[in-house]
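What follows is a set of notes on a single structure, which appears directly below.
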Amino acid sequence: MIVVTGATGNVGGQVVALLAAAGERVTAVSRRTADLPEGVRHVRGDLDDPAGLKDAFDGADALFLLVAGQDPQAILDAARAGGVRRVVLLSSQGAGTRPEFYRHPVAFEDAVRRSGLEWTILRPGGFHSNAYAWAEPIRASRTAAAPFGDVGLPTIDPADIAEVAATVLREDGHAGRVYELTGPAPTTPRERAAAIGAAIGAPVRFAEQTREEARAQMLGFMPEQVVEGTLAILGEPVDAERRVSPDVERVLGRAPRSFADWAGRNAAAFR
Ligand SMILES: NC(=O)c1ccc[n+]([C@@H]2O[C@H](COP(=O)([O-])OP(=O)(O)OC[C@H]3O[C@@H](n4cnc5c(N)ncnc54)[C@H](OP(=O)(O)O)[C@@H]3O)[C@@H](O)[C@H]2O)c1
């Protein structure tokens with residue numbers, strides 16, 4: 001049995017669907033109610049309350065773990081006590097490139113490495129789905145605002161992250177690996193706005209924000225340290241953040257999906 005945390009999220013929801021479709025027994029954990037495929041067990045749980053996860057972990061072999069909650073060691077101890085032998089951690093590229101800003105993912109990575117479990121760490125860069133932040137303004141006024149409009153980064157499709165996670169959870173041969181997950185090519189925010197315009201068949205105007213405007217907006221939903229790290233990546237990416245990684249293709253045997261592909265599949269959100 002495989003336990004999937006973050007089952008209501010962009011990535012976790014698709015991990016649950018892929019594992020269930022492959023015939024695995026799945027326990028989906030979330031604080032909110034989740035819309036799940038038939039046959040998937042749901043356990044309401046909070047990663048901030050590892051003792052409350054006992055029921056979820058009982059009889060499990062593997063765990064898909066998000067960075068959430070304050071005590072990764074206690075989560076992993078509870079998982080091991082329930083029978084878990086393999087853990088796949090959804091960390092962040094910033095844990096490698098900007099550890100001073102990404103302390104929470106770094107702490108989870110350290111705990112996973114020390115856990116005694118068979119581990120694999122996934123380090124995605126920015127998600128294609130961060131463009132959902134533009135859904136309401138594009139629907140309302142065909143405008144997309146972002147800072148650093150001409151800085152390109154190889155964002156990744158959350159569906160590809162989920163497919164890598166589901167593969168690594170089920171397959172041997174990934175123990176002790178850290179996979180950097182990116183899309184197939186860098187795109188700039190201006191190009192992403194244009195790709196959404198192409199997907200909905202109507203031009204989308206790109207409005208460049210100042211760093212301060214973007215900072216103020218991000219502080220509404222991210223901790224300050226993560227905001228500073230994110231702005232640094234978006235504005236002054238280092239080579240490791242600009243680079244297209246071969247790891248999605250290594251694991252899946254196919255290239256990662258482009259931003260334009262994601263925009264085409266998700267066009268309804270922007271119409
Ligand atoms: N977006 C990016 O560009 C990016 C880049 C690199 C890494 N990441 C990492 O990827 C992760 C997943 O991204 P996503 O887009 O799938 O996120 P998302 O759609 O916002 O979903 C977050 C999930 O985390 C769960 N969660 C949050 N706190 C929890 C807690 N205390 N206990 C249990 N579950 C909790 C939520 O479930 P409930 O609220 O239902 O409990 C939800 O299912 C992010 O959290 C981040 O660490 C994101």
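Note that these values count all heavy atoms, side chains included, but never hydrogens, waters or copies made by symmetry. Worth saying up front: this structure is predicted, and the values here are computed from it rather than measured. Ligands are counted one by one from 1 in listed order, and the atoms in each one are counted from 1 as well.
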Residues forming a ring pair (Phe, Tyr, Trp, His ring centres under 6.0 Å) with Phe206, sequence neighbours excluded: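 Result, ring pair (Phe, Tyr, Trp, His ring centres under 6.0 Å) vs Phe206: none returned.
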With Phe259, which residues qualify under ring pair (Phe, Tyr, Trp, His ring centres under 6.0 Å), at least two apart?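 With neighbours one apart ignored, the set is His128, Trp262.
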field: Validation row: Leu122, Leu89 side chains within 4.5 angstrom (heavy atoms)
entry: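 No, too far: nothing below the 4.5 Å cut-off.
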Near ligand 1, which protein residues have a heavy atom under 4.0 Å away?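 Within 4.0 Å of ligand 1, protein side: Gly6, Ala7, Thr8, Gly9, Asn10, Val11, Ser30, Arg31, Arg32, Gly45, Asp46, Leu47, Leu66, Ala68, Leu90, Ser91, Ser92, Pro124, Gly125, Gly126, Phe127, Asn130.
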Any donor-acceptor N or O pair under 3.5 Å, side chains Glu100, Gln225:
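No - no donor-acceptor pair under 3.5 Å links their side chains.
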message = Once salt bridge (charged side-chain N to carboxylate O under 4.0 Å, His left out) is applied, do any residues pair with Arg32, and if so which ones, sequence neighbours excluded?
response =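 So Arg32 forms no salt bridge (charged side-chain N to carboxylate O under 4.0 Å, His left out) with any residue.
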- Query: Short question: side chain of Thr210, backbone of Glu213 - any donor-acceptor pair under 3.5 Å?
  - Reply: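 Between the backbone of Glu213 and the side chain of Thr210 there is a qualifying donor-acceptor contact (under 3.5 Å).
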